[in-house]
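A short worksheet on the structure shown next.
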Amino acid sequence: MSLLSSGTLYRGKVGMWSWVLHRITGVAMFFFLLVHVLDTALVRVSPAAYDVVIASYKTPIIGLAELGLVAAVLYHGLNGLRITLIDFWSKGAKYQNQMFWVVMAVTVALFVGFAPGHIINVFS
Amino acid sequence: MSLNEHGTKTHHHQHDVVIVGAGGAGMRAAIEAGPHLKTAVISKLFPTRSHTGAAQGGMAAALANVEEDSWEWHTFDTVKGGDYLVDQDAAEILAKESVEAVIDLENMGLPFNRTPDGKIDQRRFGGHTRDHGKAPVRRSCYAADRTGHMILQTLYQTCVKLGIEFFNEFYVLDLVMADYNGEKRPSAVVAFELATGDLHVFQGKSIVFATGGFGKIYKTTSNAHTLTGDGVGIIWRKGLPLEDMEFYQFHPTGLAGLGILLSEAARGEGGILRNALGERFMERYAPTIKDLAPRDMVARAMANEVREGRGAGPNKDYVLLDLTHLPPEVIDAKLPDITEFARTYLGVEPYTEPVPVFPTAHYAMGGIPTNVKTEVLSDNDTVVRGLFAAGECACVSVHGANRLGTNSLLDINVFGKRAGRYAVEYAREADFVPVPENAISEVEKLLAIARNATGTEKVAVLRKELQDTMDKNAQVYRTEESLNEALEKIAELRVRYQNIQVQDRGKRFNTDLLEAIELGFLFDLSEVLVMTARERRESRGGHFREDYETRNDEEFMVHSMAYKLDKTPEKPGEDIRVDWKPVTVTNYPAMERKY
Amino acid sequence: MSIVIETPNSPRTRSQANLEKYGWVFMRISGPFLIVLIFVHLISNLVVPDGGIKAIDFAFVAGKWAAPFWQWWDLAMLWLALIHGTNGMRTVVNDYTEKEGVRKTLVFSLWGVCSALILLGTLVIFTFDPCPAGAAAELLPSFCPAVQ
Amino acid sequence: MVDDVKVIAEVPSFTVTLMVRRYDPEVSEEVKWVDYEVTVYGTDRVLDALHKIKWEIDGSLTFRRSCAHGVCGSDAMRINGRNRLACKTLIKDLDITQPIYVEPIKGLAVEKDLVVNMEPFYKAYRDINPFLIANDKPEKERLQSPEDRARFDDTTKCILCAACTTSCPVFWTDGQYFGPAAIVNAHRFIFDSRDEGAEVRLDILNDKEGVWRCRTTFNCTEACPRGIQVTKAIAEVKQAILKGRP
Ligand SMILES: Cc1cc2nc3c(=O)[nH]c(=O)nc-3n(C[C@H](O)[C@H](O)[C@H](O)COP(=O)(O)OP(=O)(O)OC[C@H]3O[C@@H](n4cnc5c(N)ncnc54)[C@H](O)[C@@H]3O)c2cc1C
Ligand code: HEM
Ligand code: SF4
Ligand code: F3S
Ligand code: FES
């Protein structure tokens, strides 16, 4: 007899996981946005203050995190369009699955287009 | 509320009308009674889980929406379909009130399929004909192949609208009768609450039984696991008679090996039965209406094909229902659910492959005897005042020896409504019959037996052996010998039942305990069925005796009435007396039944 | 080991007037706008300039905000993204908080932060001086008098 | 013809392990996973396996069931992480090399083993006025064209099994959301041309626990044993609220 305390993870399909990802990316972007508005506001303090903070955006670690952020924006934005289509287009619900893979494909394509240049910039 | 020495809590309720069962019949009665008097509906299942929801094909009514029809023709078909054992006054009521019953349902919101001009659509169904058997008629009102589902949902929805009081997952285990002014009258029912194990006494002026069928006495059945005939069994244990119990309907098209029903609508829409040779064998048995002959005939024809070696499959033990010539759109529009059953459970694609089918135990024509006012009878004509029954558990008798398809959904609506109406009429005038002190003692006994059951026999094993013997000995074909064998077996099982085991010791949701109690009812009803079948030495409708192959109107144009005798039998069945009751004939003298 | 059976916390309480519908519609209208606003923002800041992120400094920002076009662009982005994000966060908070008090506090703070940042951002965009007096000339955009 | 006859070959038996999440507060407050080995056949469903356990191994295993062919809605449970009806899930369609996990549906209080308290679910259903609201008193049937009838056909199929509602991540969070089943049943009446109560129901579902909580995760649609396009129905109700009419 084996013991396991809690229930198993619900095995939802793309609908569920796309939502989990949408939520995570949304929350991540929100917190980034808070910081981003504040740091940008430093331009009102002094050019020097702004440049100090913005310099940290150029470090390799944050630079890589920016990649994640861009991926999040791509996914969240495109999936947001998918959700809107599900809501407003009469065939949206029928094609939600296919639309998810389109979202993924476009996200990856745009990301692949963006990432190398950014990495070069960050590390050069 | 009170507590007794066993620690069982007992709650007391009082309602003018107490309805046992929340299937089609029970809820239809509640809709009639609820707005007028304080009404309770007690059901062992949440209402929409009742087996009415499994009904597929449709509900008969001579609306004449698509072609000429009349209630007289419907009455005739019902009488003839029932092999003339139908009480014709009841059949007339059934047919006459059918139109109103359908319109009632539509007005409550039932989404029937529609004709192009927006009326309720109708389709053909076995045994329903125009002008006394001339040709099939479109009489069945339907909602795809979910007619029963839609009836059950619509009735429940209406009950919600009316604010009917339900007691769900309450198992009624006893009817309390009391002497009142020198008369035996119902006083209350006792129910076991599944969630807590508490007992509830529901006192009522009128008590209506609508507990459905008891297909679980057979192994291969279209009936739900919960259809164990508790209501009929309770009435039997009260010493009240049961009528026409030998007539049990076997539906021709159950999914082979599983018993899951494929509606007759499949044949109504043009499906064809074929044997292993691909032959449309019904042409031989019923040349005029072929595959749409009444169920008993089709079921026997199928069993016969298999017996004579023309069955299909590796064991040659089933025949085939061929829908492949129907356009897939028709199948999708008219028979979506049942084709899905074939796909899900047998992995057969009905668009392209014929579906393996074999007769399955389906419907109890017999049950609690009532008059046309749904009042329960204590003998051929004495009414038990305040006690009513409707639906499959009752026998009015509109189905006689064989029920026509779509007549049961009609029955539960027509007579369910009547039960509600007459229950109210009675309760308006009557007083409550005081509940005796020891009201719960019978149920306590039942529970005690099962609670203390620490024996070695498993309930499931006994049940299976019972079902096997019923399938083998009391199914489509019967003989004196096979029936005696069944009786012996039941007696043996009853002895072993004394030594059963109930593993669950708890109070909450103890379904283990209830299965043991339900098995008791199955024994009782099987035994009555077998006894009456043995005594009816003729063949008629759903009852076919190989040792008496013809109908014998001289001797047996009568209903059977079985009574429980208060004695310990030395030989099996000795504690059952089978008596007879005349059939009411109005317009249609018995004729040979040919299709 | 304790029970971990998931149960609802309390029966549903009905509330009549609510703005959920408008929130829902707003999310769907702001979304497409945000896509355009943010994608263009990312392209113009990270892809177009030589050196991408490395090119961003005070001078870069000042250069952009010298044009009213970019001022309005960023203003729209600021408002929409914050309201969209905050409303989204409100949904998340509603889903995962159990105690009404906690929920109220969090939602209140979300909108507080949101309005503060909108106010701040708006002020910054419009009161921004690309050539503040006294700043080191090498940090300023090329069009500033101090640089020339 | 004989050649067309599909031979349903004798199905061999095989052994599977079921892991059942059990809980009986009368015995212990503890929830535990118990494994059972049962022999089943190719046509057996998970319900048959549960019956085997109950009837042959442990009679105290408790679950609801009635019709055994997917029409009564009694036996929704989580099987291998997904909501399904035990009576409609053929064992051979699952991965039988692994144990089959069976647990109660999520988001409703567990009473015993696989039995949950359905009352909050029924309450949400009752709250949307699940009955025809029409004031005219017709002599015969109300007329309805086949097209109007088809408009709500899909949502009439609901058997109130709760598979959808208890698969919904939003419902799990606090159990306050009306849930897909209630919306499906509202849809059935909102889009019925005979009904006059659409406005009332649309108003009810415009609640903060109403349709706007749906995050289109589609778990409901995937869980529905009746194949109802639940998410689509919800979308239609949302549109109807926006338009102010069906
Ligand atoms: C698969 C199938 C298909 C069918 N198709 C058709 C068709 O197309 N047309 C047609 O006319 N007929 C059809 N029938 C027959 C018809 O559906 C039934 O005869 C009819 O629905 C019975 O209704 P009822 O209300 O009497 O019983 P049910 O619907 O079976 O309800 C019985 C009620 O009694 C309750 N109950 C039982 N015992 C107890 C107890 N001890 N305590 C408390 N409550 C109890 C149950 O909970 C339930 O609510 C079909 C039957 C089956 C099985
Ligand atoms: C790029 C364009 C964007 C689009 C098209 C978009 C679209 C959407 C949509 C349609 C929703 C509603 C989802 C639902 O109701 O199920 C949503 C939710 C959300 N968005 Fe965005 N969004 C975008 C950008 C952003 C940004 C920049 C942020 C952060 C500030 C953000 C944060 C959120 C959050 C937190 C949610 C709530 C998630 C949830 O409830 O699960 N979004 N977005
Ligand atoms: S919509 Fe489907 S899953 Fe939900 S309760 Fe109805 S039948 Fe079950
Ligand atoms: S699972 Fe829930 S989130 Fe919406 S799509 Fe279904 S109701
Ligand atoms: S037992 Fe009826 S739906 Fe599964």
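Residue numbers begin at 1 in each chain, while the letters A, B, ... track the order of the sequences. Heavy-atom basis, side chains included; hydrogens, waters and symmetry copies ignored.
At a threshold of 4.0 Å, the pair R508(B)-E111(D) counts as salt-bridged, since one of the basic side-chain nitrogens sits closer than that to a carboxylate oxygen. Salt-bridge annotation for R64(D) and E169(B): present, with a side-chain N of the basic residue lying under 4.0 Å from a carboxylate O of the acidic one. Using a 4.0 Å cut-off between charged side-chain N and carboxylate O, K88(D) and E340(B) make a salt bridge.
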Criterion side-chain contact (heavy atoms from CB on, under 4.5 Å) on L132(D) and Q157(B), from CA distance to verdict
CA-CA 8 Å; L132(D) 192 76; Q157(B) 289 156 357; over 6 Å; no
Going through the checks in order, is the side-chain contact (heavy atoms from CB on, under 4.5 Å) test met by F63(D) and F509(B)?
CA-CA 9 Å; F63(D) 48 91; F509(B) 291 95; over 6 Å; no
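Panel note: side chain R126(D), backbone V160(B); no donor-acceptor pair is recorded below 3.5 Å. Judged by distance alone, the side chain of R49(B) and the main-chain N or O of I159(D) form a donor-acceptor pair under 3.5 Å.
Per-residue heavy-atom pair counts under 4.5 Å with chain D were compared for E515(B), M108(B), R505(B), and the maximum is reached by E515(B). Ranking E56(D), H51(D), E147(D), K112(D) against chain B, the residue ahead of the rest is K112(D), based on heavy-atom pairs under 4.5 Å. The choice from V27(D), T89(D), D58(D) that makes the most heavy-atom pairs within less than 4.5 Å of chain B is D58(D). Taking G70(D), S145(D), G73(D), C161(D) one by one and counting their heavy-atom pairs under 4.5 Å with chain B, the maximum is reached by G73(D). Comparing V502(B), L110(B), N223(B), L105(B) by heavy-atom pairs within less than 4.5 Å of chain D, the highest count is held by L110(B). Chain D forms the most heavy-atom pairs under 4.5 Å with one residue out of D121(B), T324(B), L152(B), N107(B), and that residue is N107(B). Ranking I120(B), T48(B), T115(B), T352(B) against chain D, the residue ahead of the rest is I120(B), based on heavy-atom pairs under 4.5 Å. When M150(B), K458(B), K464(B), E100(B) are compared by the number of non-hydrogen pairs under 4.5 Å with chain D, K458(B) comes out ahead.
By the salt bridge (Lys or Arg N to Asp or Glu O under 4.0 Å) test, E141(D) is found to be paired with no residue, residues two or more places apart in sequence or in another chain being considered.
For R149(D), the part sitting under 4.5 Å from any heavy atom of chain B is the side chain, from C-beta outward, and nothing else. Of the atoms belonging to R65(D), heavy atoms from both backbone and side chain fall under 4.5 Å from chain B. Only the side chain of N65(B) comes within contact range of chain D, judged by heavy atoms closer than 4.5 Å. Using a 4.5 Å cut-off between heavy atoms, K157(D) contacts chain B through both its backbone and its side chain. Heavy atoms of P111(B) lying under 4.5 Å from chain D belong to its backbone as well as its side chain. With a 4.5 angstrom heavy-atom cutoff, E139(D) touches chain B only via backbone atoms. With a 4.5 Å cut-off on non-hydrogen atoms, L160(D) touches chain B through its backbone and its side chain both.
Atom CG of residue D504(B) and atom OG1 of residue T62(D) lie 5.5 Å apart, to the nearest 0.5 angstrom. Note: E106(B) CD to Q144(D) CD = 7.5 Å, rounded to the nearest 0.5 Å. Taken from NE2 in H51(B) to SG in C67(D), the straight-line distance is 7.0 Å, to the nearest 0.5 Å. In this structure, OG on S66(D) lies 8.0 Å from NE2 on H225(B), to the nearest 0.5 angstrom. Atom CG of L90(D) sits about 7.0 Å away from atom OG1 of T344(B), to the nearest 0.5 Å. Distance check: Q503(B) CD to W55(D) CH2 gives 14.0 Å after rounding to the nearest 0.5 Å.
In this structure, Y345(B) has its ring center at least 6.0 angstrom away from the ring center of H69(D). F46(B) has its ring centre less than 6.0 Å from the ring centre of Y122(D).
Residues T511(B) and K54(D) are in side-chain contact: their nearest non-hydrogen atoms beyond the backbone lie under 4.5 Å apart. Considering only heavy atoms from C-beta on, T156(D) stays 4.5 Å or farther from H149(B) through its side chain. Two residues are said to be in side-chain contact when any heavy atoms from C-beta on lie closer than 4.5 Å; R45(D) and L258(B) meet this criterion.
The minimum heavy-atom distance between D512(B) and S60(D), with the atom names listed, is OD2-N, 4.3 Å.
For E119(D), the CD atom sits in a packed shell: over 12 heavy atoms of surrounding residues, nucleotides or ligands are nearer than 6.0 Å.
Contacts of residues 180-192 of chain D with chain B at a heavy-atom distance below 4.5 Å involve R188(D), F189(D), D192(D), listed in sequence order.
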